[in-house]
Number of protein chains: 2
Amino acid sequence: MGTTQLESVQEPKYWHLKTVLSEALDSDFAVGEILPNERELAARFGVARATLRQALEQLELEGRLQRRRGVGTTVAPPRVGVAVSTAQHDWTGGADEAWQPIGCTTATAPAPVLAMLDVESDEPVHIVRRIRVTQGQPVAAELLYVPSASVPELSAIESSPSAARARSVVRELHRLGLDGQDRSVELGSARADDAKELDRLPGAPVLVVTTRYLAAGGTAAVSVATYRADTCRLTFGDSGDLEISHPGQERHAS
Amino acid sequence: MGTTQLESVQEPKYWHLKTVLSEALDSDFAVGEILPNERELAARFGVARATLRQALEQLELEGRLQRRRGVGTTVAPPRVGVAVSTAQHDWTGGADEAWQPIGCTTATAPAPVLAMLDVESDEPVHIVRRIRVTQGQPVAAELLYVPSASVPELSAIESSPSAARARSVVRELHRLGLDGQDRSVELGSARADDAKELDRLPGAPVLVVTTRYLAAGGTAAVSVATYRADTCRLTFGDSGDLEISHPGQERHAS
DNA sequence: TAGTGGTCTAGACCACCGT
DNA sequence: CGGTGGTCTAGACCACTAA
């Protein structure tokens, strides 16, 4: 009769811990503040460190915490909204929020990408490496696969430096007007090279945005961009191709 | 001199394990096949079970494996592409791929949702619960927040059954033509109730799609949909509002 | 060098599923 | 019931950062 939910102790410890910590973050901590270290937190809650870590991992996954080896655990700022639509493809460099070409190689594309490109399996394509920086922080690393056919004017300058050739490829790509673009988003884990660019450890959760750029009835290029899942909120502006506003830039815990 | 990368053994065991397993999955296993259990796999690779589990978790995160308590670990099929755009909002029920209204309550919206709605903090809104099913599998659970002002014709029938009222709200919502929709995607972990609908454990990784439906110059409704991150690939059709095709329905390991 | 988070171990018990 | 994955423990050592 009087038993108010005495049976529901089936809840795992780490899950309960996560809830408690989450509420503490809302009320007792400011953004950027550093938490006590894991060993102390574990002792304070009377659990093993592995259990405490399971809770912290969840909170980091949700973008509430940020952990750095050798430093500590800090309260993360709200996720930054990054626009993923309306031809950011048109900006090459410089601006405060833009893609920065890093380098360019020529090789055959991996199978999943090949399936989206209109090229032969053994035909090498340009692979441009770009980094997206927002508010001083790297948020995404991209591989842009561009068939030679899409940038016919690029034959002679093969021996130019990698970063310069990257810019050339992107510039040439601009000359093709885009007819549209297919896009998909899925969860992934950062490869070693992506992790390095994103200042994360390998295996960190990322949002993989695959974009197929359509031009002249075919696939002009394919982009595979990996966004930091802990710090990013991808925004899409479907409002009738109007100017995209910056919707939820400010959002706080409540 | 002749040392070819002898120093790079800094790679964590679980990371190397993941790579080895991933390649084994590509070559030696078919979709749906069950793997040896964790204790045996750990023994076979000469690592602790916790380490083996770390590798399996990564592979599950990437949608390569599916694990079910009491059953075992199976090879997952390729992720299913689910369209997240172009008014699926217009289908109420029945079709093979659609939202199924489950129930409806009336309460005040949580703070983040409130910030997107044009209502007072204490004003209750309709909260419609819907499930999205694709190919017989539940892929998403949604909470649709609808201010009373958006569905003015709905006053009298308060006492109808929950599922019926859910359908009514959605039907009424259709009468407003949509002017557009803002959408964002971020990583989250499944709440207990969502996890139940999605046939997953609480905390499972999900893609949270937040949509703001615009009508008559204001926000007509806000949808918060949580998609299973392990089985779903969200697709967006930006190709000039054309008919959306079903792009990567077939993709295999290579 | 001291302190942090990241990795790893070798166990134990529990919740769940099918038989 | 036996077997599976899920949770939890109490340690140990390592890689990294900053003072």
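Only a predicted model underlies this, so the values are computations on that prediction, with no experimental measurement involved.
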**Q** Assuming nearest nucleotide by heavy-atom distance, tell me which of A:L52 and B:R68 is located more 5' along DNA chain D.
**A** B:R68
**Q** State whether a side-chain donor-acceptor pair under 3.5 Å links B:S22 with B:R64.
**A** yes
**Q** Salt bridge or not for B:R191 and B:D194, using N-O below 4.0 Å?
**A** yes
**Q** Just how far, in rounded Å, is P of D:dC8 from CD of A:Q58?
**A** 11 Å
**Q** Nearest whole angstrom, please: distance from the C1' of D:dA15 to the CH2 of B:W15.
**A** 17 Å
**Q** Select one nucleotide: of D:dT9, D:dG5, C:dT7, the one nearest the side-chain heavy atoms of A:R53.
**A**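 Nucleotide nearest to A:R53's side chain: C:dT7.
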**Q** So what does B:L56 hit on the nucleic acid, given a heavy-atom distance under 4.0 Å: a base, only sugar-phosphate, or nothing?
**A**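 Here B:L56 touches no strand at all.
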**Q** To the nearest Å, give me how far apart CD (A:E11) and P (C:dC14) are.
**A** 18 Å
**Q** Within this structure, what is the CG-to-C1' distance between A:L201 and C:dT7, rounded to whole angstrom?
**A**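 Taking atom C1' of C:dT7 as the reference, CG of A:L201 is at 11 Å.
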**Q** Just how far, in rounded Å, is P of C:dC16 from CD of B:E38?
**A** 17 Å
**Q** Relative to the 5' end of DNA chain C, which residue comes earlier, B:R39 or B:A50, by the nucleotide with the nearest heavy atom?
**A** B:A50
**Q** Once you round it to whole Å, what is the distance between C1' of D:dT9 and CD of A:Q54?
**A**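 So the CD-C1' distance, A:Q54 to D:dT9, works out to 12 Å.
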**Q** Taking OP1 and OP2 of D:dT4, is either one under 4.0 Å from a side-chain nitrogen or oxygen of B:T73?
**A**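 Looking at the OP1 and OP2 atoms of D:dT4, neither is under 4.0 Å from any side-chain N or O of B:T73.
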**Q** Assess, by modelled atom type and distance only, whether the side chains of A:R53 and A:Y14 contain a donor and an acceptor separated by less than 3.5 Å.
**A** no
**Q** Check whether any side-chain nitrogen or oxygen of B:T51 sits under 4.0 Å from OP1 or OP2 of C:dT7, and answer yes or no.
**A** no
**Q** If the threshold is 4.0 Å, N to carboxylate O, is there a salt bridge linking B:E142 and B:R129?
**A** no
**Q** Atom CD1 of B:I34 to atom C1' of D:dT4: distance rounded to whole Å?
**A**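 After rounding, the gap between these two atoms is 10 Å.
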**Q** I need the CG-P distance between B:L41 and D:dG6, as an integer number of Å.
**A** 13 Å
**Q** Side chain of B:R69: nearest nucleotide among C:dC8, C:dA15, D:dT7?
**A** C:dA15
**Q** Under 4.0 Å between a side-chain N or O of B:Y14 and OP1 or OP2 of C:dC8?
**A** no
**Q** Does C:dG3 have its OP1 or OP2 closer than 4.0 Å to a side-chain nitrogen or oxygen of A:N37?
**A**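 Answer no for this pair, as no side-chain N or O of A:N37 is under 4.0 Å from OP1 or OP2.
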**Q** Just to confirm, is there a sub-4.0 Å distance from OP1 or OP2 of D:dG11 to any side-chain nitrogen or oxygen of A:R49?
**A**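 No, because none of the side-chain N or O atoms of A:R49 sits under 4.0 Å from OP1 or OP2 of D:dG11.
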**Q** Do B:Q66 and B:T74 get their side chains close enough for a donor-acceptor pair, meaning under 3.5 Å?
**A**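 No - no donor-acceptor pair under 3.5 Å links their side chains.
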